[in-house]
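Shown next, in structure tokens, is the structure this report addresses.
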Amino acid sequence: CMQSRGNAMKLADIKHFFSESRVLRLILGGSVVWELPKVQKSLILWSSTNFPVPQGIVSLKITMAGGGGGAAGSIGAVYVWGGGGGGGGGRVVKTFTPDELDEMRGKTFAVLVGAAGFYQGDNQWGGNGGTSQFQCPGLWPTAYGGNGGQTGAPGAGGAGAGGENGDEILTGGNGGSGSVGGARGGGGHGQEVGTVAVAGTHGCGWGGGNGMPTGLNGAQGAVLIEWE
């Protein structure tokens with residue numbers, strides 16, 4: 001308030017007073033003249049853990065990718081038929097609504113991070129990538145891991161995976177088929193998680209393994225948590 005020109009409270013003093021009083025917004029004459037700055041935080045997870053949702057949280061977004069499938073081994077005494085490449089893991093993005101957040105504040109939830117699918121040697125299918133998941137109330141956002149490559153004549157590539165219970169769902173690419181002479185199929189195209197673009201073993205994100213003469217593992221899954 002203003003008592004007189006000499007005792008008028010400066011706008012800077014008003015802003016300081018309200019910031020110290022835990023007021024979120026100051027409106028004068030119908031216009032917002034000050035607002036408590038929002039502090040956005042983020043955490044990227046490479047292994048499974050628990051996430052405690054802060055009591056005062058106002059927004060929460062989860063971005064996750066499943067693990068990539070591993071490449072299959074070749075068959076034949078001199079690598080006659082190459083194994084297929086692994087499929088890329090799925091990507092799921094979920095932004096929680098205010099009503100959903102009301103059920104989550106102050107509680108702790110399990111977060112699963114999908115492991116990479118492994119190359120398991122000659123004459124062996126590649127391992128499947130693991131599932132990433134946020135185990136919140138209701139339907140759990142889930143990104144599935146890509147399927148491992150297969151052996152055969154030639155070896156088929158592993159299928160790329162998708163996900164469920166998200167606002168945005170992308171499916172990883174299928175692995176390429178092997179070929180005569182031992183060349184293994186390329187890994188399926190994978191995913192980025194937020195601004196993180198860690199190259200997988202096939203060089204394009206979170207997909208499956210490839211290579212000759214030794215197959216490669218798929219890429220590790222990840223979960224990115226952003227909140228304010």
Are Tyr144 and Met64 connected in a single hydrophobic cluster, I mean Ile/Leu/Val/Met/Phe/Trp/Tyr linked by side-chain heavy atoms less than 4.5 Å apart? no
N/O donor-acceptor pair under 3.5 Å between Gln120 side chain and Trp125 backbone: yes
Would you check if the side chain of Ser177 reaches a backbone N or O of Gly84 as a donor-acceptor pair within less than 3.5 Å? no
Side-chain heavy atoms of Val53 within contact of Phe109, under 4.5 Å: yes
Please check: side-chain N/O of Asn128 versus main-chain N/O of Gly148, any donor-acceptor pairing under 3.5 Å? yes
Would you kindly confirm whether Ile62 and Val111 end up in one hydrophobic cluster when ILVMFWY residues are joined by side chain heavy atoms under 4.5 Å apart? yes
Close side-chain approach of Lys41 to Leu43, heavy-atom, < 4.5 Å: no
Quick one: do Leu224 and Leu112 end up in the same hydrophobic cluster if we chain Ile, Leu, Val, Met, Phe, Trp and Tyr together by side-chain heavy atoms under 4.5 Å apart? no
Determine whether the side chains of Thr142 and Gln133 contain a donor N or O and an acceptor N or O closer than 3.5 Å. yes
Mind checking the CZ-CD spacing from Arg105 to Glu100? Nearest 0.5 Å is all I need. 11.5 Å
Rounded to the nearest 0.5 Å, what's the gap from NZ on Lys61 to OG1 on Thr63? Could you check? 5.0 Å
Measure across Thr151 and Gln124 and return the closest heavy-atom pair with its distance rounded to 0.1 Å. CG2-O, 3.5 Å
Please report the closest heavy-atom contact between Ser74 and Gly82, naming both atoms and the distance. OG-CA, 3.5 Å
Main chain of Ala159, side chain of Asn147: is a donor-acceptor contact present, judged purely on distance under 3.5 Å? yes
Between OG1 of Thr97 and CG of Leu60, what distance do you get to the nearest 0.5 Å? 10.5 Å
Trp227-Phe96 co-clustered via ILVMFWY side chain contacts under 4.5 Å: yes
Looking only at heavy atoms, which two atoms of Trp81 and Gly152 are closest? And how far apart? CB-O, 3.2 Å
Is it true that a side-chain atom of Ser132 and a backbone atom of Gly114 form a donor plus acceptor pair closer than 3.5 Å? yes
Would you compute the distance between atom CH2 of Trp140 and atom CD of Glu164 and round it to the nearest 0.5 angstrom? 11.0 Å
For the student: nearest non-hydrogen atoms of Gly90 and Ala143, plus distance: O-CB, 3.5 Å
Transitive ILVMFWY side-chain link Val113 to Phe51, under 4.5 Å: yes
How long is the gap from NZ on Lys94 to CD1 on Ile169, to the nearest 0.5 Å? 10.5 Å
Could you measure the distance from the CG atom of Asn50 to the CD atom of Gln135? Nearest 0.5 Å is fine. 9.0 Å
